[in-house]
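First up is the structure itself, then whatever we jot down about it.
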2 protein chains.
Amino acid sequence: MNYNNITIDHLRVGVVVLVSIDSKSGVPFYRQIIEQVKFAIARGDLEPGDRLPTVRQLAVDLSINLNTVIRGYRELEIEGVIETQQGSGTFVGRKRPKIDDLERQRMLNQILTELLARASDYGFTLDEVLQGLSQRKEKSS
Amino acid sequence: MNYNNITIDHLRVGVVVLVSIDSKSGVPFYRQIIEQVKFAIARGDLEPGDRLPTVRQLAVDLSINLNTVIRGYRELEIEGVIETQQGSGTFVGRKRPKIDDLERQRMLNQILTELLARASDYGFTLDEVLQGLSQRKEKSS
DNA sequence: ACTATTGTTATAGTGAACTATAACAATATT
DNA sequence: AATATTGTTATAGTTCACTATAACAATAGT
């Protein structure tokens, strides 16, 4: 699929874009898969127990090689994000890290600070960041 | 330099971060140089006639190879963003670099995707991230 | 039981990015 | 004029991401 010179292959599950690959971004495909699966979980589009696309199906849909998908899935499994069952499929894991509220808050603040620092390096304003995030929320609903 | 497992080599000119390389992002070094020089100009941190770091100096400061710097500079010159003078140096050209909306969009998307992937690692949802950011906006106004 | 579907493993090849190193060419400095 | 500094060019080798292809292994469905 082609949007204004940005080539994006994607896979929709229902109405939701699960994984999309930007072949011009310079970011390795398998990494894009990893990030976007995590992102989908953060968004709530994927919940524990949900089934992911089969490795072959995703390879076809994204027009990439089977091994590249496997590589992404494997790293996700190593990180404990997903669980694979040979013969049956790949599923979102049940793992949820336990952190107390204070530590959680601190962690979130740190992540946000780094984000804003980077965004500002590139000349983005807080409003633009907020808007970009809001759009992602809309897409998923 | 090391911030929470994110390795960032950077070069400051004055107080401003001119070019920083994230070796874990997967984005080729020479591309990061190109992008960041363009954004520095767009931001106003670099103005027409300003001198850029020498190829050798930048290579040393970023701990990358001379040829990689040259590759980035060369593309910037081809695009007309900078002008090189053998023997004297590399300078910002008079022409303003076009950072089209697509490129900006891509950059923001990349930053947001990374953020959300990390947030997901710590069990944060998109909503929590949005809420955290909104609070920062209130504070700043 | 058989078959289809799922994930797994293995091998081999290609191209891009990066590195190391050396020599060359133009300009600035002394 | 001589030297240092700047960008340029060239060669060669390494690593990584990706592809193509094939066979294997476990599970689900019939």
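Throughout, protein chains are lettered first and strands after them, A, B, ... in sequence-line order, and every chain is numbered starting at 1. The structure displayed is predicted, hence computed values, not measured ones.
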Within the sub-3.5 Å range, which N or O atoms of nucleotides 13-16 of chain D have a protein N or O partner, and how far apart are they?
none

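- In this structure, B:Arg31 does not pair ionically with B:Glu75, as no charged nitrogen and carboxylate oxygen lie closer than 4.0 Å.
- A donor-acceptor pair shorter than 3.5 Å cannot be found between the side chains of B:Gln110 and A:Ser25.
- In this structure, B:Arg51 reaches the sugar-phosphate backbone alone: every heavy-atom distance under 4.0 Å involves primed, P, OP1 or OP2 atoms, never a base.
- By the ring-ring contact (aromatic ring centres under 6.0 Å, His included) test, B:Phe29 is found to be paired with no residue, residues two or more places apart in sequence or in another chain being considered.
- The residue A:Phe29 sits close only to the backbone: its heavy atoms come under 4.0 Å of sugar-phosphate atoms, none of a base.
- The interatomic distance linking A:Asp22 (CG) with D:dC18 (P) rounds to 13 Å, in whole Å.
- Under a 3.5 Å cut-off, the side chain of B:Arg71 and the backbone N or O of B:Leu66 do not form any donor-acceptor pair.
- Linking ILVMFWY residues whenever their side-chain heavy atoms come closer than 4.5 Å, directly or via other members, leaves B:Leu115 and B:Val27 in distinct clusters.
- Both A:Ser88 and A:Thr68 sit near DNA chain D, but only A:Thr68 has its closest nucleotide nearer the 5' end.
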Would you mind writing out the side-chain donor-acceptor pairs for residues 84-92 of chain B within the sub-3.5 Å range, not counting sequence neighbours?
{"from": "B:Thr84", "atom 1": "OG1", "to": "B:Glu77", "atom 2": "OE1", "distance (Å)": "2.8"}
{"from": "B:Thr84", "atom 1": "OG1", "to": "B:Glu77", "atom 2": "OE2", "distance (Å)": "3.0"}
{"from": "B:Ser88", "atom 1": "OG", "to": "B:Gln85", "atom 2": "O", "distance (Å)": "3.4"}

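- Taking every nucleotide of DNA chain C with any atom under 4.0 Å from a non-hydrogen atom of chain B, the first and last of them, 5' to 3', are C:dA17 to C:dA28.
- In this structure, CD1 of A:Ile33 is placed 13 Å from P of D:dA17, rounded to the nearest angstrom.
- Side-chain atoms of B:Thr54 come within 3.5 Å of backbone N or O of B:Gln57 as a donor-acceptor pair.
- Within the nucleic acid shown, B:Ile64 comes within 4.0 Å of sugar-phosphate atoms alone, with no base atom in reach, counting heavy atoms only.
- The pair A:Arg43-A:Asp45 meets the salt-bridge criterion, with a side-chain N (NZ, NE, NH1 or NH2) lying under 4.0 Å from an Asp/Glu carboxylate O.
- Here the side chains of A:Ile64 and A:Tyr30 are not in contact, with every heavy-atom distance at 4.5 Å or above.
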May I have the step-by-step check of side chain to side chain donor-acceptor pair (under 3.5 Å) for B:Asn109 and B:Arg104, ending in yes or no?
CA-CA 8 Å; B:Asn109 267 330; B:Arg104 248 178 94 79; over 6 Å; no
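- In terms of heavy atoms, B:Lys137 sits closest to A:Leu130 at CD-CD1, 3.8 Å.
- The CZ atom of A:Phe91 sits 13 Å away from the C1' atom of D:dA26 (whole-angstrom rounding).
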Stepwise, does the side chain to side chain donor-acceptor pair (under 3.5 Å) test hold for A:Arg118 with A:Thr113?
CA-CA 9 Å; A:Arg118 270 195 70 195; A:Thr113 298; over 6 Å; no
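- Remark: A:Thr84, A:Gln85, A:Gln86, A:Gly87 in residues 80-87 of chain A come within less than 4.0 Å of DNA chain C through at least one heavy atom.
- End-to-end axis angle of the helix from C:dA1-D:dT30 to C:dT30-D:dA1, using five pairs per end and rounding to 10°, comes to 20°.
- Nearer the 5' end of DNA chain C, as judged by each residue's closest nucleotide, is the contact made by A:Glu77, out of B:Leu66 and A:Glu77.
- Distance CD1/B:Ile99 to CD/B:Gln105: 13.5 Å, rounded to 0.5 Å.
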